[in-house]
A.B. asks: 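The structure follows.
Proteins come first, then strands; the chains are lettered A, B, ... in the order of their sequence lines, and each starts at number 1.
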There are 2 protein chains.
Amino acid sequence: MAMRVKELADLVGISVRTLHYYDEIGLLSPEETSDSGYRLYSNDNLEMLQQILFFREIDMPLKEIKHFISCSSFDKQEALLQHQKMLLEKRNQLDKLINTVGKSLKHMKGEIQMTNKEKFEGFDFSQNPYEQEARKLWGDKAVDESNAKVAGMSKEAQKAVSEIYTKLASIRNSSPESEEAQAAIKEWYDCLNQNFGTYSLDAFKGLGQMYVDDQRFTKNIDQYGDGLAKFMCDAMGHFADANKN
Amino acid sequence: MAMRVKELADLVGISVRTLHYYDEIGLLSPEETSDSGYRLYSNDNLEMLQQILFFREIDMPLKEIKHFISCSSFDKQEALLQHQKMLLEKRNQLDKLINTVGKSLKHMKGEIQMTNKEKFEGFDFSQNPYEQEARKLWGDKAVDESNAKVAGMSKEAQKAVSEIYTKLASIRNSSPESEEAQAAIKEWYDCLNQNFGTYSLDAFKGLGQMYVDDQRFTKNIDQYGDGLAKFMCDAMGHFADANKN
DNA sequence: TGTAAGGTATTACGTAACGTGAAAGTCAAA
DNA sequence: TTTGACTTTCACGTTACGTAATACCTTACA
């Protein structure tokens, strides 16, 4: 059942180093490790890897993939449907490109005219529609989830959240590693854990990262004070690292 | 007619930085520059860029692309035909992948069985057939060209080549930058220029690089002595750099 | 004719996603 | 028990750019 690293690598056609790397950045860690430290991958790991590779196929950065699949509202089946849609769009783009080659050939033989713009139809790197769409879809889900969480809180809890934000905003120009900041961020951590089940330290750090990575979070948070999102991200990162021992 | 860097970048949908970079590594340099140092791209430059992007589309490293398009036997029309073939193969692979998603969906619903191998059909990173094929095709052309050149030489010239190789092999353990090595490499440079039209210093350097990049060259050259290809590459690179002023 | 906006050049450091050893421990078969 | 194929963890290298920073150029417009 459990596979070792090379077995998995060979099966899916990627390198051992890639699996090591995915483990290193916490994108895909083996379900267990043997006594001697060997990575042992389960069938669940394998399915997750498939999802990751689908995301990667549409050129999504690993950081973002990590966000999406670790988002609690991530649904495998829905993801597959989305992948399907993206891949179909990618094929459309590829068809355009194939058409462009064909036209270029004719153009070269002098059979047809071709504008400069037409010569590059189908390349479209800048605003690849499927990339944007995927990012939006999965990003939206994270935002929605977060909003729903806050909306579902009691009025008292909402007030507590607001107070924590205000306090953090008032000290946002000090060091994120200062005692004061770390104490305030601990309140935030405890608040999250009280209201939404348990947040692991890693998840907490990841959440902080999202505050700066996703514009919509940044915008919301920075309403309490300019640069607060960045400050919280740093403070949360430090908090997670410092409390691991 | 002549376009400035942003105009071209916007037209094809890549960044200005990318064009700067391509200039920097000598992959695509503008046909002329204005008095104030602005890059001015011609229509030929634009067509070359199209070729480059086609190569890039099948994930070919820029170094290799540079080899191929600067190879004197590079034929635009033939290249387009080849691109067409590759892109069609790529679409086939994409179809496989789309099929895999569909099957995975059904598998998830419990409608069908699926082996682990099937779950990764269509990803095929390791030995993407079109990449290999392209590499082989264009690599072969370079080798063929080289062989044809040598074969077309007079017997005396062939003997001269052999002597230069032998001499180089005998000193291959000294520094490639030593006077002795540089003198011998100058002989090689002059020999090439005498027999096959003019080789620019850049082309000479590129040729040396190919000696180590392409196994077939390495193998041939190293028959005169182990490590000779690497030695020649270094010596040729230094020769080109040193003689630019 | 001046000036402000936007393009451009060069330099230089940063980044993502691994590749590529090196050194040392592990495992199974012969 | 020895060999050969795997595995681990550093740790540095690489590709193809991204991202400032700084300074100069060009052009429309007042």
A.B. asks: Nearest whole angstrom, please: distance from the C1' of C/dC18 to the CD1 of A/Ile52.
C.D. replies: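 From A/Ile52 CD1 to C/dC18 C1': 15 Å.
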A.B. asks: Taking N or O atoms only and anything under 3.5 Å, show me the protein contacts with nucleotides 19-21 of chain D, one pair per line.
C.D. replies:
unit_1: D/dT19; atom_1: O4; unit_2: B/Arg17; atom_2: NE; d: 3.4

A.B. asks: Distance check needed: C/dA17 P versus A/Phe55 CZ, whole Å only.
C.D. replies: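 These atoms are roughly 14 Å apart.
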A.B. asks: Does A/Phe123 reach the side chain of A/Leu97, with side-chain heavy atoms less than 4.5 Å apart?
C.D. replies: yes
A.B. asks: With a 4.0 Å cutoff (strictly under), does any side-chain N or O of B/Arg56 reach OP1 or OP2 of D/dT15?
C.D. replies: no
A.B. asks: Considering only side-chain heavy atoms of A/Tyr21, which listed nucleotide, D/dT9, D/dG18, C/dC18, is closest?
C.D. replies: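 Nearest to the side-chain atoms of A/Tyr21, counting from C-beta on, is C/dC18.
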A.B. asks: With sugar-phosphate meaning primed atoms plus P, OP1 and OP2, does B/Ile25 contact a base, only sugar-phosphate, or nothing at under 4.0 Å between heavy atoms?
C.D. replies: nothing
A.B. asks: Just the rounded figure in Å: distance from P of C/dT15 to CG of A/Asp59.
C.D. replies: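 Between P of C/dT15 and CG of A/Asp59: 21 Å.
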A.B. asks: When the distance from CD of A/Glu64 to P of C/dA16 is rounded to whole Å, what number comes out?
C.D. replies: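 In whole Å, C/dA16 P lies 12 Å from A/Glu64 CD.
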A.B. asks: Please work out whether the ring planes of B/Phe239 and B/Phe204 are parallel, tilted or perpendicular, with thresholds of 30° and 60°.
C.D. replies: perpendicular
A.B. asks: Counting heavy atoms from C-beta on, name the nucleotide in C/dG7, C/dG19, D/dT15 closest to the side chain of B/Lys6.
C.D. replies: C/dG7
A.B. asks: Give a yes or no on whether a salt bridge exists between B/Arg39 and B/Glu31, defined as a side-chain N under 4.0 angstrom from a carboxylate O.
C.D. replies: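 A salt bridge is absent here (no side-chain N lies under 4.0 Å from a carboxylate O).
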A.B. asks: Determine, for nucleotides 25-30 of chain C in 5'-to-3' order, which nucleotides have protein heavy atoms under 4.0 Å from the base (write B), from only the sugar-phosphate (write S), or from neither (write -).
C.D. replies: BBS---
A.B. asks: Whole-Å distance between D/dC6 C1' and A/Asp10 CG?
C.D. replies: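 So the CG-C1' distance, A/Asp10 to D/dC6, works out to 11 Å.
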A.B. asks: So what does A/Val16 hit on the nucleic acid, given a heavy-atom distance under 4.0 Å: a base, only sugar-phosphate, or nothing?
C.D. replies: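 Here A/Val16 touches no strand at all.
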A.B. asks: Check for a donor-acceptor pair, side chain of A/Gln50 on one end and backbone N or O of B/Lys119 on the other, with a separation under 3.5 Å.
C.D. replies: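 A pair under 3.5 Å: yes.
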A.B. asks: When you check the side-chain N and O atoms of A/Glu57 and A/His83, is any donor under 3.5 Å from an acceptor?
C.D. replies: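 Not at all, the side chains of A/Glu57 and A/His83 share no donor-acceptor pair under 3.5 Å.
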A.B. asks: Using a cut-off of less than 4.0 Å, is there contact between a side-chain N or O of B/Arg39 and OP1 or OP2 of C/dA9?
C.D. replies: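 Checking C/dA9 against B/Arg39, a side-chain N or O does come within under 4.0 Å of OP1 or OP2.
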A.B. asks: Quick test of your reading of the model: are A/Glu24 and A/Arg17 salt-bridged, counting only N-O distances below 4.0 Å?
C.D. replies: yes
A.B. asks: If the cut-off is 4.0 Å, is B/His20 near the phosphate of C/dA9, judged by side-chain N/O to OP1 or OP2?
C.D. replies: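 So the side-chain polar atoms of B/His20 do come within 4.0 Å of the phosphate oxygens OP1 or OP2 of C/dA9, strictly under.
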A.B. asks: Using modelled atom types and a 3.5 Å cut-off, is there a donor and acceptor pairing between side-chain atoms of B/Asp23 and backbone atoms of B/His20?
C.D. replies: no
A.B. asks: Do B/Thr33 side-chain atoms and B/Gly37 backbone N/O form a donor-acceptor pair below 3.5 Å?
C.D. replies: no
A.B. asks: Rounded to whole Å, how long is the line connecting atom NZ of A/Lys63 with atom C1' of C/dA16?
C.D. replies: 9 Å
A.B. asks: Could you check which of D/dT7, C/dC18, D/dC17 has an atom nearest any side-chain atom of B/Thr18?
C.D. replies: D/dC17
A.B. asks: Rounded to whole Å, how long is the line connecting atom CD of A/Glu32 with atom C1' of D/dT7?
C.D. replies: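 The distance from CD of A/Glu32 to C1' of D/dT7 comes to 16 Å, rounded to the nearest Å.
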A.B. asks: What is the distance from CD1 of B/Ile65 to C1' of D/dA16, rounded to the nearest Å?
C.D. replies: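 After rounding, the reported distance stands at 11 Å.
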A.B. asks: So do the side chains of A/Leu8 and A/Ile14 get within less than 4.5 Å of each other, counting heavy atoms only?
C.D. replies: no
A.B. asks: For this output row, return yes or no: ring centroids of A/Phe74 and A/Phe68 closer than 6.0 angstrom.
C.D. replies: no
